[in-house]
Amino acid sequence: RLRTSLSGLSSDEVERRLNVFGYNEIARKKKRTAILDFLYHFKNPLVIILLVAGLISGFYGELSNALIIFSIILFSTILDFYQEHKAENAAEMLKKRVASTATVLRDGVKREIAFSEIVPGDIIFLSAGDIVPADARVINAKDLFVDQSALTGESVPVEKTPEPLKSADAPIIEWTNYLFMGTSVVSGTATALVVKTGSYTEYGKIAKSLVTREVETEFQRGIQRFGYLIMQVTFLLVIFVFFVNALYMRNILDSLLFAVALAVGLTPELLPMIVSINLSKGAVSMSKKGVIVKRLASIQNFGNMDILCTDKTGTLTENRIKLLLHVDGYGNEDEKVLLFSYLNSYHQTGLRSPLDDAILRYREIDVKDYRKVDEVPFDFVRKRLSVVVEKGEQRLMITKGAPEEIFKICSKIEVKGSVSELSEELLLKIQQKYIELSSEGFRILGVSYKLLEYKPAYTVSDENGMVFLGFV
């Protein structure tokens, strides 16, 4: 149980909690020294065979053979080490670019401190654009929306409030009064109490599982299996040839040199270098596309795939929604649907969702003839947003939102410019079209409108008797 006064933690208390909970850092892999990292690349069975063959050749005076073998080994190993070390440095540079300070309340004063110095019990202040530095409970918030796609893959921002949870059994990822480390504030402001830091956070638990020993790729296992096979065959053949030569009373030194020459001949000396060069070429090609390859062997994994399964997470995709269809209630393309949905997205002043951005990016539409009069903001009960616009003598309310909620407020339907009553039969037809589009994987918004009488302000009560226009 943590106790924090309204003036925040004192410096002494911070020191004590740092000793208890540690620094607010996620688990990281222990870095090997450059020399150890370089020597690690000599672990390959083929390299070991070549090293042994080279040493024996050098021992018996075959210096030119030994020099060639050692040169090949050294070149391929240096190439491997250089490419991976360069990728590691590039990744470290990216980490340093990330903002790493947060505003906290300490000794009654707001201070800017490093993420690593935050402790459980700290009071933090967040605003749009901030990265949440630790898992925290919301104390108070205003219009707070957070992007949790790094954890959940959902591209739509989530609203956070200080209200207690309605259900104690809700999964942690659905806690609306809780902020997770590594997520980002899209809009609004908040004050929050830090509950967990470092490896104890949800993000930290994921990071902890990723710093365990690296799993060998199928390609690495294949190369190793091949290397061990060559090693066994070479060893058996060398022993066999040496003993046969010795049996026929040939010179022991000549027999041994012949056996070593056979070992060198059987071992594909250039294979490690060819593999390194090809994987390095792949890494260079991918770097031109903005991809950092930290392990060269991982490139081969892409080539080995028959099927790649991913979810819809924004961390793997562009995290950007695109508008594909603007249709009437029967599924026919309709320009009026596009115009009215554009007007709604263009004139709204609340939190602009990725769906609104998709509509505005779809096509540049000239709406300067339409003047905004009023707005009924979006909320998560109605699940819709209305704007009131005026063109000439005509005043319109345009409402866009979840189709189920749009159906509830419509009493008419427009198809190809013709307006008619929305009968039960027609409602079933447009609901069926909604189901069909949803089953194809589309995110759907319903669009409706109605002509208005002049009055100073408009409210939720005006959202009735509307004309259903179509879907985007």
Side-chain angles (χ1 to χ4, degrees), residues 154-156 312 320-348 350 352-363 365 367 370 375-389 391 394-453 458-472:
E154 293 297 335
S155 57
V156 178
K312 61 183 182 297
R320 196 170 74 178
I321 294 169
K322 291 182 181 177
L323 173 63
L324 293 178
L325 298 173
H326 44 94
V327 296
D328 62 22
Y330 297 157
N332 305 309
E333 191 169 306
D334 192 318
E335 287 298 313
K336 191 173 180 179
V337 174
L338 176 62
L339 171 64
F340 278 30
S341 60
Y342 190 97
L343 282 165
N344 181 285
S345 297
Y346 183 84
H347 286 294
Q348 67 125 324
R352 185 166 284 165
S353 75
L355 303 178
D356 290 308
D357 289 334
I359 291 166
L360 296 175
R361 269 198 314 267
Y362 181 73
R363 191 193 299 164
I365 298 176
V367 291
Y370 291 88
E375 177 178 355
V376 183
F378 178 89
D379 65 55
F380 285 90
V381 177
R382 290 161 44 249
K383 295 181 182 175
R384 58 181 183 259
L385 179 144
S386 297
V387 295
V388 179
V389 293
K391 183 184 180 184
Q394 198 177 57
R395 187 169 280 195
L396 293 167
M397 173 178 272
I398 301 170
T399 306
K400 172 169 63 58
E404 302 94 328
E405 300 301 320
I406 297 296
F407 295 151
K408 291 177 185 176
I409 58 172
C410 290
S411 59
K412 296 178 182 177
I413 182 170
E414 180 176 325
V415 179
K416 295 179 181 177
S418 174
V419 178
S420 57
E421 291 297 317
L422 185 59
S423 63
E424 286 290 328
E425 186 183 346
L426 285 175
L427 181 60
L428 284 172
K429 276 187 181 179
I430 61 174
Q431 285 175 337
Q432 185 57 41
K433 176 51 64 178
Y434 169 47
I435 292 166
E436 283 174 22
L437 290 169
S438 296
S439 66
E440 291 176 36
F442 291 113
R443 288 285 294 272
I444 317 288
L445 291 175
V447 184
S448 64
Y449 77 97
K450 79 169 181 179
L451 296 172
L452 293 173
E453 295 178 357
Y458 299 88
T459 63
V460 173
S461 61
D462 292 296
E463 293 178 337
N464 61 70
M466 303 195 77
V467 180
F468 182 80
L469 198 56
F471 303 109
V472 287

task: Taking the side chain as every heavy atom from C-beta outward, state whether Asp334 and Val327 have any pair of such atoms under 4.5 Å apart.
output: no
message: If you compare all heavy atoms of Ser438 against all heavy atoms of Ile444, which two are closest, and at what distance to 0.1 Å?
response: OG-CG1, 3.7 Å
message: Is it the case that over 12 heavy atoms from other parts of the model lie below 6.0 angstrom from the NZ atom of Lys429?
response: no
statement: Here the pair of heavy atoms bringing Val367 nearest to Leu343 is CG1-CD2, 3.5 Å
message: Any heavy-atom pair between the side chains of Tyr434 and Glu404 that's under 4.5 Å?
response: yes
- prompt: Got Ile365 and Leu338 here, is their nearest side-chain heavy-atom distance under 4.5 Å?
  reply: yes
- request: Would you mind checking if Asp356 and Lys400 are paired as a salt bridge, meaning a charged N to carboxylate O distance below 4.0 Å?
  value: yes
query: Within the side chain of Arg384, is there an N or O that forms a donor-acceptor pair under 3.5 Å with the backbone of Val447?
result: no
task: Please check if the distance between the ring centroids of His347 and Tyr370 is under 6.0 Å.
output: no
field: side-chain contact (heavy atoms from CB on, under 4.5 Å) evaluation trace for Ser448 with Thr399
entry: CA-CA 5 Å; Ser448 64; Thr399 306; 3.6 Å; yes
message: Tell me whether Ser418 contacts the main-chain N or O of Val415 through its side chain, where contact means a donor paired with an acceptor under 3.5 Å.
response: no
- request: Under the side-chain contact (heavy atoms from CB on, under 4.5 Å) rule, what do Val388 and Leu452 come out as? Steps first, then yes or no, please.
  value: CA-CA 9 Å; Val388 179; Leu452 293 173; 3.6 Å; yes
task: Would you mind reporting whether Leu428 and Glu425 have side-chain heavy atoms less than 4.5 Å apart?
output: no
- prompt: When rounded to the nearest 0.5 angstrom, what distance separates CG in Asp462 from OG1 in Thr459?
  reply: 4.5 Å
statement: The reported gap from SG in Cys410 to CE in Met466 (rounded to nearest 0.5 angstrom) is 6.5 Å
- request: Begin from the C-alpha positions of Lys412 and Glu421 and carry the test side-chain contact (heavy atoms from CB on, under 4.5 Å) through to its verdict.
  value: CA-CA 4 Å; Lys412 296 178 182 177; Glu421 291 297 317; 3.5 Å; yes
- request: State, to 0.1 Å, how close Ile321 and Ala358 come at their nearest heavy-atom pair, and which atoms those are.
  value: O-CB, 3.2 Å
- request: Show the numbers, then the answer: is there a side chain to side chain donor-acceptor pair (under 3.5 Å) between Glu414 and Tyr449?
  value: CA-CA 10 Å; Glu414 180 176 325; Tyr449 77 97; 2.4 Å; yes
- prompt: What class does the angle between the rings of Tyr346 and Tyr342 fall in, given that below 30° is parallel, 30 to 60° is tilted and above 60° is perpendicular?
  reply: parallel
- request: Please assess Leu396 against Lys391 for the test side-chain contact (heavy atoms from CB on, under 4.5 Å), listing each intermediate value before the final yes or no.
  value: CA-CA 8 Å; Leu396 293 167; Lys391 183 184 180 184; over 6 Å; no
- request: Inspect the surroundings of CD in Glu440 and state if more than 12 heavy atoms from other residues, nucleotides or ligands are less than 6.0 Å away.
  value: yes
query: Distance from Ser386 atom OG to Asn344 atom CG, nearest 0.5 Å?
result: 7.0 Å
query: So do Glu375 and Gln348 actually touch side chain to side chain, heavy atoms under 4.5 Å?
result: yes
message: Do Leu426 and Phe468 have side chains that approach each other closer than 4.5 Å (heavy atoms only, starting at C-beta)?
response: no
task: Would you mind reporting whether Leu339 and Glu335 have side-chain heavy atoms less than 4.5 Å apart?
output: no
- prompt: What are the two closest heavy atoms between Ile430 and Gly329, and how far apart are they?
  reply: CG2-O, 3.4 Å
- prompt: Picking from Ile398, Leu445, Leu323, Ile359, what satisfies side-chain contact (heavy atoms from CB on, under 4.5 Å) with Ser341?
  reply: Ile359
message: Salt bridge check, Glu463 against Lys450: does any charged N sit closer than 4.0 Å to a carboxylate O?
response: no
query: Hey, does Val337 have a side-chain heavy atom less than 4.5 Å from the side chain of Val472?
result: yes
- prompt: Measuring from Asn332:CG to His326:NE2, what's the distance to the nearest 0.5 Å?
  reply: 12.0 Å
